[in-house]
Each structure stands twice: as structure tokens, then as C-alpha cells.
Amino acid sequence: MKLLGSASRWIFVAALAYAPWAYGGTTASSIATLNWLLVATLALWLVDLSIRRRVPKFPPVLIISIAALTGIGAWMAFNASAICDSEFHSFVALAQPAPRLPGSIDYALSAAWMIRVGLLLGILLFVVDLARDDRWLLWLWSAIGVIAGSIALLGLLQKATGAGTIFWQPAPPYASRTFFATYYYHGNAGAYLNLVLPLTAGLVVRAFLTRGNSASRALWLTIFVLTLVAVAANTSRMAQLIALMLLLALAWQLGPRVARRLSRTEKNVALGGAAAILAALLAVAQASHLEQPIQRWEGISITQDARWLAATVAMRSIAQAGAFGFGPGTFRAVFPWLNDSASVHAPGYWRFLHEDYLQVALEWGWLGSLPWAVVFFGGIFAAIRAFRAPNSRKWAPRRRLLLPLVITALAGVALHGLVDFPLQISSIQLYVATYLGLCWGAKTWTS
């Protein structure tokens with residue numbers, strides 16, 4: 001019955017590839033297809049577990065937090081008080097099963113969001129179990145690297161050719177001008193590239209330290225360079241700033257390890273290669289119109305930014321959200337009402353707040369946000385503790401190399417969430433759930 005287990009893992013790898021390539025998982029059709037891929041992954045995994053009569057081990061804190069999230073979210077959707085009519089910008093009242101208890105203000109949005117939440121949390125547990133297999137852990141890492149290189153290459157080709165839209169399609173009058181690669185919004189593209197950048201760097205280091213063949217070294221080095229240049233060519237300022245911080249963290253993590261393992265001759269070759277990479281970066285940057293993202297740093301005014309005004313409206317509305325919020329996924333329905341009643345309005349239509357933590361607080365409330373904090377930040381903390389434990393010295397080298405890179409990538413997206421909405425995008429959510437699965441799973445890794 002190993003076939004079922006392998007099938008679930010390959011479908012999961014296909015989902016990791018599909019999510020960023022299908023417009024970053026930002027269209028209704030791509031989200032629906034991605035959901036079905038995740039359903040197939042989890043269904044085959046559960047069938048495989050039942051046939052083998054095997055019960056995976058999960059950290060109790062994680063299980064309790066997931067149970068709390070699914071319970072709160074499911075109840076809010078079940079006890080919804082209304083459904084939003086987006087065409088007429090009004091709410092249609094529904095018969096609440098328990099009118100005196102909290103419920104979502106939009107049944108449809110909360111129900112759809114809870115389907116995605118359930119699948120993502122299921123994938124997190126799936127990765128906790130998958131990561132115990134040393135061979136599949138390396139397959140997963142390599143797959144992420146290849147997918148990252150393909151997305152970065154597409155974005156650079158678009159920049160170099162002056163593409164008007166994604167995939168060089170005819171540009172309608174309303175087409176987004178801030179797209180990069182397969183993402184309509186450059187901030188989301190930058191967040192995805194920063195998520196995969198540390199792992200591509202780790203693949204390069206592993207290829208050189210394990211004395212891999214020249215083809216694998218060339219492949220991973222090319223992918224890393226493409227990803228790095230793509231971040232620079234993208235016009236998201238926050239993504240560029242976070243990428244710089246990630247590079248400093250990577251130099252601190254990987255630099256001493258590489259220096260200890262290389263001989264003097266290899267170090268000289270590495271310095272020559274670094275010079276060649278720098279020259280290639282300059283050449284590719286010129287072809288990719290790198291001066292455009294650089295010019296965006298001129299004339300920055302935070303207080304005049306509409307995102308600042310929207311965040312101010314959200315901050316002043318936290319008290320209205322209460323302990324359980326307005327309901328999962330209801331930001332787009334509730335924010336116009338909150339904005340209209342505010343003393344200072346944020347201009348435009350806001351589907352997402354450019355501040356993930358405030359949006360979560362509005363949708364889930366202060367009590368409902370606590371399990372999310374445990375799952376995300378608790379996963380990072382659990383990974384750090386596992387890595388520092390004496391038992392971690394017995395891990396396979398790939399595990400000791402990979403885990404700090406995953407922690408670094410999650411720290412980057414956590415910072416990005418302060419000024420943007422990467423954690424609201426399906427493809428980024430899937431990668432974050434995957435990384436968190438590795439973090440929580442590290443507590444169960446053995447020698």
C-alpha cells in the first residue's frame with residue numbers, strides 16, 4: 001500500500017507547483033482547483049494511514065490550537081447573522097441558530113474561508129508526518145527550489161521583454177500594472193520570492209558541501225541567482241528590504257559553515273565565482289530594467305500612503321470586532337461599512353487590508369487570533385527549540401541545514417505581513433503551511 005502514500009505526496013508536490021503558477025492562487029478558479037488538489041492529498045494520506053493502522057505523532061499544543069481554530073471558525077460560519085449583497089452593498093439578514101451568541105456577518109465568505117483553513121491546517125499536519133521521511137524531505141526541498149526558479153525566470157523574462165500583462169496576453173484598459181511573474185500584485189510576488197530565496201541558497205550550499213556533481217551545482221546556483229535577481233527586479237520596496245535582511249541572515253548562517261568546509265583553493269574559486277555572479281547580476285539587472293524598482297524608493301511618505309489610512313480605520317475598529325471578530329474572511333464585506341463610519345476615510349476599495357495582523361484581528365477577534373499566533377509563532381519557537389536541543393546534533397545534515405532556512409523564510413513573511421497582505425494569498429498560505437509543518441515536525445525528528 002505504499003502506492004497511496006506516494007501518490008498523496010506527489011499530488012502535494014503538484015499543488016506546490018500549481019499554486020504559484022495559477023496566478024498565485026488569486027483567482028476563483030485557481031483557488032477551487034488548488035482546494036481539490038489538497039483534498040486529494042489529504043484523502044489519500046488518511047486512507048494510507050488507516051490501511052497501515054498507523055497514528056502519526058503531533059505536538060499536543062498544535063492539535064489543541066488547530067481544534068480551537070476549526071471550532072471557532074466553524075461556529076462563526078454556522079451562526080452567521082447575514083450575507084452580504086456585494087452588488088447593492090447591503091447585508092441580508094439570516095435566521096441565526098443562536099442569536100445571542102457571536103456569528104459571522106457573512107455566511108458565504110466565512111464558509112468558503114473555513115474550507116481553505118481546514119485544508120491548510122490539514123496540510124500542515126500532513127507535512128509534519130511527511131518530514132519524518134528523509135528521502136521525501138529532500139524531494140520536497142528540491143521541488144520548491146525548481147518551482148522558485150521557474151517563477152523567477154518568468155518574471156525576469158517579462159521585465160526584459162516589456163510584457164504588458166501576465167503571460168504576454170493583450171492588455172485590457174483595466175489591467176494591473178504592478179504585476180510580476182504570475183502575481184497580479186508585485187508585493188505578493190516579492191513575498192513569494194522571499195519565502196523561497198533562503199531554501200534556494202541552502203540548495204546551493206548543500207550541492208557544494210556534499211561534493212555533488214557539476215550539473216547539480218550549476219542548476220542550484222542558477223536558480224539562486226535567478227531568484228535573487230527577480231527580487232531586485234520586482235518593484236516592491238518592502239520585498240526588497242526584507243530580501244536584504246534575509247541575505248544578511250543567510251550570510252551569518254551559511255558563511256561560517258562554507259568557510260570551514262572549503263579548502264584554500266576552493267575558497268579562491270568561490271571568490272572568483274562570486275565575482276562572476278556579480279557581473280551576471282549587473283548584466284541581467286540592466287536587461288530587466290532594474291532602474292524602475294530603484295526609482296520607487298524616491299519620495300516615500302508613509303503618512304500620506306492610503307495603506308496607513310486604512311490601517312488607522314482598522315485599528316480604531318478593533319473594539320467593535322470583540323472577542324471573536326466579524327467572521328473569517330469577512331474583511332471585504334465589513335471594511336466599507338467601517339470606513340464610511342470613520343472620521344478619516346481611506347480612499348478606494350479594499351479587498352485586503354495591507355496589514356495581515358490587523359485583518360486577522362478584525363475577522364477573528366482578540367480571542368480567535370490567539371490560536372493563529374500559537375500555530376504561526378509557536379511553530380517558529382518550536383523549531384528554534386528543537387534545533388538547539390542536544391538531540392538535533394544527531395539529525396541528518398540536510399535537516400540541520402534546512403530548518404534554520406525555513407525559520408528565516410517565515411520570519412521574512414512575518415515582517416512583510418506588517419505592511420502588506422501576503423498571508424491572505426492562497427499560494428503563499430500553502431507554502432507557509434508547508435514551512436510550519438516542517439517547524440512543528442522538527443520536534444519529532446530523530447537521528
Side-chain angles (χ1 to χ4, degrees), residues 23 25-36 38-39 66-122 174 184-185 310-311 313-342 345-369 371-372 421 423-426 429:
Y23 299 98
T26 56
T27 63
S29 60
S30 65
I31 292 174
T33 303
L34 180 60
N35 285 347
W36 281 114
L38 300 184
V39 166
I66 289 177
L69 283 173
T70 53
I72 293 173
W75 170 258
M76 293 293 287
F78 174 76
N79 198 44
S81 61
I83 188 169
C84 181
D85 188 332
S86 58
E87 183 176 355
F88 294 98
H89 304 285
S90 61
F91 290 91
V92 180
L94 299 177
Q96 276 186 285
R100 296 185 179 182
L101 296 179
S104 172
I105 64 165
D106 192 306
Y107 166 76
L109 289 176
S110 292
W113 224 99
M114 284 311 300
I115 291 174
R116 194 192 308 180
V117 167
L119 291 173
L120 289 171
L121 293 176
Y174 55 85
Y184 287 106
Y185 175 51
V313 173
M315 181 66 74
R316 294 174 178 174
S317 305
I318 292 295
Q320 296 176 258
F324 296 97
F326 295 104
T330 58
F331 173 80
R332 73 175 80 172
V334 72
F335 188 75
W337 170 67
L338 297 175
N339 196 23
D340 289 341
S341 59
H345 304 286
Y349 170 75
W350 297 83
R351 184 175 182 180
F352 304 106
L353 185 65
H354 286 249
E355 218 288 5
D356 274 325
Y357 305 105
L358 280 178
Q359 182 167 337
V360 170
L362 286 176
E363 294 180 349
W364 291 80
W366 63 266
L367 186 59
S369 299
W372 279 120
F421 52 93
L423 298 177
Q424 309 299 325
I425 304 303
S426 293
Q429 290 171 344

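Computed over heavy atoms, backbone and side chain alike; hydrogens, waters and symmetry mates excluded. All values reported here derive from a predicted model rather than from experimental measurement.
- Classification of the Trp350-Phe335 ring pair by plane angle, with boundaries at 30° and 60°, yields perpendicular.
- The CD1 atom of Ile31 lies 3.5 Å from the OG atom of Ser426; values are rounded to the nearest 0.5 Å.
- Contact record, Ala333 with Leu109: CB-CD1, 3.9 Å, taken as the closest heavy-atom pair.
- Ring geometry, Trp75 versus Phe78: the interplanar angle falls from 30° to 60°, so the pair is classed tilted.
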field: Criterion side-chain contact (heavy atoms from CB on, under 4.5 Å) on Trp372 and Val117, from CA distance to verdict
entry: CA-CA 11 Å; Trp372 279 120; Val117 167; 4.0 Å; yes
Contacts under 3.5 angstrom, residues 314-322 side chains, donor-acceptor by atom type, not counting sequence neighbours:
from, atom 1, to, atom 2, distance (Å)
Arg316, NH1, Ser343, OG, 3.4
Ser317, OG, Val313, O, 2.8

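- No donor-acceptor pair closer than 3.5 Å links the side chain of Asn35 to the backbone N or O of Leu119.
- For residues 331-341, no pair satisfies side-chain hydrogen bond (donor to acceptor under 3.5 Å, both in side chains), with sequence neighbours left out.
- With sequence neighbours left out, the side-chain hydrogen bond (donor to acceptor under 3.5 Å, both in side chains) criterion links Gln359 to Glu363, Gln424.
- Looking at heavy atoms from C-beta onward, Leu121 lies in side-chain contact with Thr70 at the 4.5 angstrom threshold.
- Within the 4.5 Å cutoff, the side chain of Leu69 has heavy atoms near those of the Trp364 side chain.
- Residues Pro371 and Ala68 come closest through the heavy atom pair CG-CB, 3.9 Å.
- Looking only at distances, no side-chain donor or acceptor of Glu355 sits under 3.5 Å from a matching main-chain atom of Ala311.
- From Asn79, atom CG reaches atom CD of Gln96 across 4.5 Å, with rounding to the nearest 0.5 Å.
- Closest approach of Pro328 to Gly73, counting heavy atoms only: CG-CA, 4.0 Å.
- Residues passing the side-chain hydrogen bond (donor to acceptor under 3.5 Å, both in side chains) test with Ser30 are Thr27, sequence neighbours excluded.
- Counting heavy atoms from C-beta outward, Leu101 and Phe324 have side chains that stay 4.5 Å or more apart.
- Judged as a side-chain hydrogen bond (donor to acceptor under 3.5 Å, both in side chains), the pairs with a partner in residues 103-113 (not counting sequence neighbours) are, in order, Ser104-Ser110.
- With sequence neighbours excluded, the residues satisfying ring pair (Phe, Tyr, Trp, His ring centres under 6.0 Å) with Phe352 are Phe421.
- Closest approach of Gly327 and Thr330 over heavy atoms only: O-OG1, 2.6 Å.
- Nearest heavy atoms, Leu353 versus Phe331: N-CE2, 3.2 Å.
- Of all the heavy atoms in Ile72 and Gly368, the pair that sits closest is CD1-CA, 4.1 Å.
- Considering CD1 of Ile425 and CG of Asp356, their distance stands at 8.5 Å, rounded to 0.5 Å.
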